[in-house]
Amino acid sequence: MAEQNNNQQQDVNQLLKVRYDKLHELQENGKDPFVITKYDVTNHSTDVKEHFEEMEGKEVSLAGRMMFKRVMGKASFCNIQDLKGRIQIYVARDSIGEESYADFKKYDVGDILGVKGIVFKTKTGEISIHAAEVTLLSKSLQILPEKFHGLTDTDTRYRQRYVDLIMNEDVKDTFVKRSKVISTIRRYLDGQGFMEVETPMLVSNAGGAAARPFETHFNALDEDLKLRISLELYLKRLIVGGMERVYEIGRVFRNEGLDTRHNPEFTLMELYQAYTDYHGMMDLTENLYRYVAKEVTGSEMLTYGEHTMDLSKPFERITMVDAVKKYAGVDFNEVKDTAEAKKLADEHHIEYEERHEKGDILNLFFEEYVEEHLIQPTFVMDHPIEISPLTKKKPENPDYVERFEFFMNGWEMANAYSELNDPIDQRARFAAQEEAFAAGDEEANHTDEDFLNALSIGMPPTGGIGFGIDRMVMMMTNSPAIRDVLLFPTMKSLDKKDQ
């Protein structure tokens with residue numbers, strides 16, 4: 001096996017040497033492709049294919065990567081791949097000239113070519129370009145893999161996404177759709193009167209979510225800072241300042257594990273709207289998801305794995321207490337206190353920490369018994385106050401807050417509140433979070449004095465929501481893992497010997 005691998009490496013090295021020799025020959029003959037700075041492109045491949053009737057017989061200019069070449073004496077065929085797809089090029093010696101044809105025959109798969117020629121259809125009916133001019137725009141000095149997919153290559157695909165995009169059309173399509181998801185969200189929110197803003201990534205107090213932050217040091221101020229874990233606290237400052245509808249789409253950073261739904265840096269969209277509550281956020285979420293699905297996929301039915309989610313119907317709305325009652329058979333309205341809640345957890349083999357209170361136990365029951373059943377779009381409402389430090393209490397029942405989480409496919413897709421705007425209550429909630437941190441909760445929030453000062457100035461009743469953009473894209477593209485929708489996911493560094 002070792003001898004076979006050595007022979008394969010020698011073969012590869014020889015092929016690479018041939019490519020470098022070809023480049024040196026071109027340079028010696030005054031044909032260095034790397035001195036070319038531009039090429040005028042008039043059309044993409046799909047423009048020609050989709051509008052063949054009106055373009056037949058007309059001259060076009062395309063550029064892209066040569067993915068296939070077949071030389072046949074005085075005439076040859078190759079395929080050029082651009083952003084939109086592939087198109088066949090017919091290259092004849094009599095059309096491009098003897099010297100150019102001799103050069104073309106030496107070009108390699110992977111080279112980037114510019115082609116000028118006439119649109120026509122071959123005898124077999126394939127829409128093609130009859131080349132009048134072929135220009136080598138960039139020489140590929142590496143060898144493209146014949147196949148670049150399958151589980152065995154997953155790690156390499158993520159590390160070398162540029163190759164993945166070249167070799168796998170469906171991967172490129174995923175990221176085209178990702179871009180469309182984000183632009184569609186912006187279009188919808190802009191149409192609803194929201195203003196897009198930008199807030200700091202480097203912060204002294206990383207609040208607004210339950211997560212461990214990454215820490216860094218700012219040399220100029222000799223001060224330790226953190227990377228933000230949420231967008232919330234700055235956006236609510238803007239609501240205080242009178243910007244009534246704001247949103248931000250940006251990277252946040254959480255020092256947590258890697259799995260199919262988690263990456264330490266990911267894209268979050270948060271929006272805040274003055275003078276509405278969490279019911280207003282439900283309506284907005286329902287309308288936004290329908291709009292994005294229709295614009296990106298062409299349908300309000302989303303297929304993900306074995307499930308099909310119907311976004312055309314009104315989304316189910318259920319309280320967390322009722323959901324636990326429905327799927328676990330436990331009614332927390334009948335549970336008197338934390339001691340009784342812990343007894344129930346013991347009976348149902350649910351692990352909890354000593355610091356956990358009744359509301360925490362309710363949430364643990366929800367995670368254990370309910371989440372997996374929430375396949376169709378569902379709003380789970382009215383969370384316990386213990387797990388919601390930034391949310392308004394329900395006036396009729398202060399043990400619970402006006403919050404919902406939006407679920408599809410058993411995943412949390414969004415999290416929304418009627419935002420807490422009482423600075424006195426907020427200070428007490430921060431104090432409780434500080435106690436939780438002291439008791440061992442590394443994800444607890446810390447007191448943010450400037451945010452409390454902003455609330456003291458006065459914040460109107462406000463609804464707010466956070467959407468995980470990456471999970472939304474996963475759902476819209478039927479992608480099994482978050483790494484499949486991140487162009488460059490976080491990967492463990494390779495040892496130099498492995499590179």
All salt bridge (charged side-chain N to carboxylate O under 4.0 Å, His left out) counterparts of Arg403, not counting sequence neighbours: Glu405
Do Met282 and Phe404 have side chains that get closer than 4.5 Å, going by heavy atoms? yes
Here the pair of heavy atoms bringing Leu390 nearest to Lys236 is O-NZ, 3.8 Å
Is there a side-chain contact between Met381 and Tyr278 in this structure, where contact means two heavy atoms from C-beta onward sitting under 4.5 Å apart? yes
Under the salt bridge (charged side-chain N to carboxylate O under 4.0 Å, His left out) test, which residues partner Asp346, sequence neighbours left out? none
Please list all pairs meeting ring pair (Phe, Tyr, Trp, His ring centres under 6.0 Å) that have one or both residues in residues 300-345, counting only residues at least two apart or in different chains. Tyr304-Trp411, Phe315-Phe379, Phe315-Phe406, Tyr327-His373, Phe332-Phe365
Taking C-beta and beyond as the side chain, do Met320 and Leu362 meet within less than 4.5 Å on heavy atoms? yes
Take a 6.0 Å sphere around NE2 of His349 and say whether it holds more than 12 heavy atoms from other residues, nucleotides or ligands. no
List the steps and the verdict of side chain to side chain contact (heavy atoms under 4.5 Å, CB included) for Leu344 and Ile361. CA-CA 9 Å; Leu344 278 169; Ile361 306 294; 5.9 Å; no
Salt bridge (Lys or Arg N to Asp or Glu O under 4.0 Å) contacts in which one or both residues fall within residues 448-472, not counting sequence neighbours: Arg178-Asp470, Arg237-Asp448, Arg237-Asp450, Arg427-Glu449
Who pairs with His446 by ring pair (Phe, Tyr, Trp, His ring centres under 6.0 Å), at least two apart in sequence or on another chain? Phe437
Other residues, nucleotides, ligands: >12 heavy atoms within 6.0 Å of Ile424 CD1: no
Is the backbone N or O of Thr391 less than 3.5 Å from a side-chain atom of Arg429, with the two atoms forming a donor-acceptor pair by type? yes
Determine, stepwise, if the pair His348 / Tyr369 fulfils side chain to side chain contact (heavy atoms under 4.5 Å, CB included). CA-CA 10 Å; His348 288 79; Tyr369 285 98; 3.3 Å; yes
Please report the shortest heavy-atom distance between Ala211 and Arg254, naming the atom on each side. CB-CD, 3.5 Å
Heavy atoms of Lys180 and Thr184 approach each other most closely as O-OG1, 2.6 Å
Spacing of CZ belonging to Phe214 relative to OG1 belonging to Thr216, to within rounding of 0.5 Å: 11.0 Å
Once salt bridge (charged side-chain N to carboxylate O under 4.0 Å, His left out) is applied, do any residues pair with Glu353, and if so which ones, sequence neighbours excluded? Arg355
Donor on one side chain, acceptor on other, Gln81 and Arg86, under 3.5 Å: yes
Residues in ring pair (Phe, Tyr, Trp, His ring centres under 6.0 Å) with Phe366, at least two apart? Phe407
Among residues at least two apart in sequence or on other chains, which ones pass salt bridge (charged side-chain N to carboxylate O under 4.0 Å, His left out) with Lys394? Asp382, Glu396
Check this for me: Met195, atom CE, are more than 12 non-hydrogen atoms of other residues, nucleotides or ligands nearer than 6.0 Å? no
Within 6.0 angstrom of Glu347 CD, more than 12 heavy atoms from elsewhere: yes
Once rounded to the nearest 0.5 Å, what's the spacing between atom NZ of Lys392 and atom CG of Leu420? 8.0 Å
With sequence neighbours excluded, what pairs up with Asp484 under the side-chain contact (heavy atoms from CB on, under 4.5 Å) test? Arg157, Tyr158, Ser479, Pro480, Ala481
Which heavy atom of Pro145 sits nearest to which heavy atom of Met167, and what is that distance? O-CE, 2.9 Å
Ser418-Glu402 side chain donor-acceptor pair, cut-off 3.5 Å: yes
Compare every heavy atom of Phe467 with every heavy atom of Ile465, then report the nearest pair and how far apart it is. CG2-CE1, 3.5 Å
Looking at Glu256, I'd like to know if its CD atom is crowded, meaning that more than 12 non-hydrogen atoms belonging to other residues, nucleotides or ligands lie closer than 6.0 Å. yes
Is Leu189 close to Leu271 at the side-chain level, that is, under 4.5 Å between some pair of heavy atoms? yes
Is the count of non-hydrogen atoms from other residues, nucleotides or ligands lying under 6.0 Å from Lys177 atom NZ greater than 12? yes
Give every residue pair that meets the salt bridge (Lys or Arg N to Asp or Glu O under 4.0 Å) criterion with at least one member in residues 258-287, sequence neighbours excluded. Arg251-Glu265, Asp283-Arg317, Glu286-Arg290, Glu286-Arg317
Contact between Asn263 and Leu258 at the side-chain level, heavy atoms closer than 4.5 Å - yes or no? yes
Regarding Glu357 and Thr338, do their side chains bring together a donor and an acceptor under 3.5 Å, going by distance alone? no
Check whether the side chains of Asp111 and Ser140 place a donor and an acceptor atom closer than 3.5 Å, and report yes or no. no
Residue pairs, two or more places apart or on separate chains, that pass ring pair (Phe, Tyr, Trp, His ring centres under 6.0 Å) and touch residues 176-211: Tyr188-Tyr291
With sequence neighbours left out, the residues meeting side-chain contact (heavy atoms from CB on, under 4.5 Å) with Glu354 are Lys342
Between His51 and Asn43, does any side-chain donor sit less than 3.5 Å from a side-chain acceptor? no
May I have the step-by-step check of side chain to side chain contact (heavy atoms under 4.5 Å, CB included) for Glu244 and Ile239, ending in yes or no? CA-CA 5 Å; Glu244 296 179 1; Ile239 295 290; 5.6 Å; no
Chi angles and distances behind the salt bridge (charged side-chain N to carboxylate O under 4.0 Å, His left out) call for Lys325, Glu334: CA-CA 11 Å; Lys325 184 178 179 180; Glu334 304 297 323; over 6 Å; no
Is any side-chain heavy atom of Glu196 closer than 4.5 Å to a side-chain heavy atom of Arg186? yes
